Amino acid sequence: MPNMQRAIVGRFRRRSDADGHLLCLRQLMPQVRFVVVFDLQPDLEVAIPAPTVIR
């Protein structure tokens, strides 16, 4: 992207997951430069509503 802009492509909990996704992206778009970056901020947990039971 121009002017050193960044775009988050995906977020992963394990490095191996990120590396696997990076490998796929590099195969699909070899002309684009991708890097894995680690965010050391604590996870912000999102409240997930309880499943609704339909009877």
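Everything numeric in this text was worked out from a predicted model, so none of it was measured. Only this structure's heavy atoms are used, side chains among them; waters, hydrogens and symmetry mates stay out.
- Partners of Val37 according to the side chain to side chain contact (heavy atoms under 4.5 Å, CB included) rule, which considers only residues two or more places apart in sequence or in another chain, are Val35.
- For Phe12, the ring-ring contact (aromatic ring centres under 6.0 Å, His included) partners at least two apart in sequence or on another chain are His21.
- Leu22 belongs to a hydrophobic cluster with Val9, Leu25, Leu28, Met29, Val32, Phe34, Val36, Phe38, counting contacts under 4.5 Å between side-chain heavy atoms of Ile, Leu, Val, Met, Phe, Trp and Tyr, direct or through other members.
- With sequence neighbours left out, the side-chain hydrogen bond (donor to acceptor under 3.5 Å, both in side chains) criterion links Arg11 to no other residue.
- Legend: salt bridge (charged side-chain N to carboxylate O under 4.0 Å, His left out) pairs involving residues 19-32, not counting sequence neighbours, sorted by first then second residue: Arg15-Asp19.
- Considering only residues two or more places apart in sequence or on other chains, Arg33 meets the side-chain hydrogen bond (donor to acceptor under 3.5 Å, both in side chains) condition with none of them.
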